[in-house]
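One structure below.
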There are 2 protein chains.
Amino acid sequence: MSSSKPKASTKSYHHGDLRSALIQAARAVLYEEGTSKLSLRAAARHAGVSHAAAYHHFKDKTSLIAAIAVEAFNELQAKRNKAYLQEDLTKLKRIQKMAEVYIEFALENPQEFRLMFLPEFRREDVLTDVEKAGRQSHLQMIELVTALQEEGTFIEGNPESIAINLWATFHGLATLMLDGPLFRNAKTQEGSTALITSAISHLFYGLVK
Amino acid sequence: MSSSKPKASTKSYHHGDLRSALIQAARAVLYEEGTSKLSLRAAARHAGVSHAAAYHHFKDKTSLIAAIAVEAFNELQAKRNKAYLQEDLTKLKRIQKMAEVYIEFALENPQEFRLMFLPEFRREDVLTDVEKAGRQSHLQMIELVTALQEEGTFIEGNPESIAINLWATFHGLATLMLDGPLFRNAKTQEGSTALITSAISHLFYGLVK
DNA sequence: ATATAATCTAACCAATGTCAAGTTCTAAAC
DNA sequence: GTTTAGAACTTGACATTGGTTAGATTATAT
């Protein structure tokens, strides 16, 4: 929660770290009032500053939302690394773990997760900040796949293509559980892990006899 | 494009089929002005009627959007049936075809596709119209899986779980191609079909050697 | 002829994004 | 230690837009 550099004074005219306070505030609004109520003004209100203060930290409304997405991507990555380092697992189990972390994150932070994949954050010509923030995980997954190929566990083939396949499965499950027909299954822990486990197993060992 | 029952007179006071005209108008606005500009007023404007006229056909703004989602689900289903009936394919190829149709629909109708999976259209307690409209495809897929199990092609196991897995793969690919890191791959026909083909093949035959 | 559905005009009100101009604090220069 | 420049905020105002309701008006259908 608390960041490192700035001294967040409690009551001074200058906030100390309004930028990240606004991001937090915006996230809170997202949950307390819903996506449609998220506005620069609402975030400012929630952070206890004037409605125009945000313009010293964000170019416009979209920038604030992008900042939320970036922060969320970073949190996901952190969570991923934590799981990755903590556990002493086979590489195969590691992949399962990645899926669990991904979906858990989506279910625990649904509003942020949706923002992470808004179309306005992708541009043909340039890599946006949001894209950059998401890129790391992708590369990490490719590495893992490559390692699995080298140790002879996985089939040959373009590792990126396989990584994409894995991600698509995670992502598809996550989104269907969040906003699709699987949202009822996602209400219980058992329901969701069952879905994950069977999906991973199918993908690992195939559907065709 | 033109529906069956009502006579869409061109210039009378009574429109004839304003309801579906508004849906069409709203879809047009979606593409011409973007999601954020979609409003009841904009739809009415585009349909050439007064801004209050919509209230005789839709309870509120959300209902109009829901109607778009329902219509889109129906179109997807129709497209699916068409592909399903036309082609004389093995059941396995049929699944590949379903994936292609699904993703093609998403890429050709990105705006509608996004609306089809808005969280506000799912409720814990009741089946919403949008949900009902999406349900058919799901059942169809389960049937197909069951058939594949019976003919001994697919592994045993809960057919629904397998169908979910397939859907998640399609859906994950579609969403990542639309609003995720794969959106650059989706720009060309070859790029997208390559992704689909390899994903299906991986899922059919497994990633583990 | 009459009831009623479909449409229109008008108006209200609540928001929001954004800019402009003034204030208050911080920090660096002297 | 004082001055001073500039950054961080505030208040106020503008223009836009949108959802929604109320009360006519016009067409359709019985």
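Throughout, a chain's letter reflects where its sequence line sits, starting with A, and its residues are numbered from 1. Here the structure is a predicted model, which is why all the values come from computation and not from measurement.
Backbone-only engagement by A:R45 is indicated by non-hydrogen atom pairs under 4.0 Å involving sugar-phosphate atoms exclusively.
Residue A:L40 has its side chain nearest to C:dG17 when only C:dG17, D:dC9, D:dG19 are considered. For A:A52, whose side chain is taken as the heavy atoms from C-beta onward, the closest listed nucleotide among C:dT16, D:dT10, D:dG19 is D:dT10. Of the candidate nucleotides D:dT10, C:dT16, C:dC8, C:dT16 has the atom lying nearest to any side-chain atom of A:S39. For A:H56, taking side-chain heavy atoms from C-beta onward, the closest of the listed nucleotides D:dT20, C:dA6, D:dC9 is D:dC9. Comparing atom distances between the B:Y55 side chain and each of D:dT21, C:dG17, C:dT16 picks out D:dT21 as nearest. Which of C:dC8, C:dT16, D:dG19 sits closest to the side chain of B:A53 comes down to C:dC8.
The nearest whole Å value for the distance from the NZ atom in B:K37 to the P atom in C:dG17 is 12 Å. Between the CZ atom of B:R41 and the C1' atom of D:dG18 there is a distance of 6 Å, rounded to whole Å. If you measure from atom CD of B:E33 to atom P of D:dT16, you get 16 Å, rounded to the nearest angstrom. Summarising the geometry, the separation between CZ on B:F58 and P on C:dA6 is reported as 12 Å, rounded to the nearest angstrom. Note: CD1 (A:I65) to P (C:dT16) measures 13 Å, nearest angstrom. Computed from coordinates, the A:K61 NZ to C:dG17 P distance equals 5 Å when rounded to whole Å. In this entry the distance linking CG of A:L22 with C1' of D:dA8 reads 12 Å, nearest Å. Counting to the nearest Å, the C1' atom of D:dA7 and the CZ atom of A:R19 are 16 Å from each other.
Scanning atom types as modelled, one donor and one acceptor separated by under 3.5 angstrom connect the side chain of B:H51 and the base of C:dA10.
Each of B:F121, B:F117, B:F105, B:Y102 was compared with B:F73 under the ring-ring contact (aromatic ring centres under 6.0 Å, His included) criterion, and only B:F117 meets it.
Contact detail for B:N81 and B:Q140: the closest heavy-atom pair is OD1-NE2, 3.0 Å. Residues B:F113 and B:A174 share a closest heavy-atom pair of CZ-CB, 4.1 Å. Closest approach of B:A42 to B:V29, counting heavy atoms only: O-CG2, 3.8 Å. Of all non-hydrogen atoms in B:T128 and B:R123, the two that sit nearest each other are CG2-CG, 3.8 Å.
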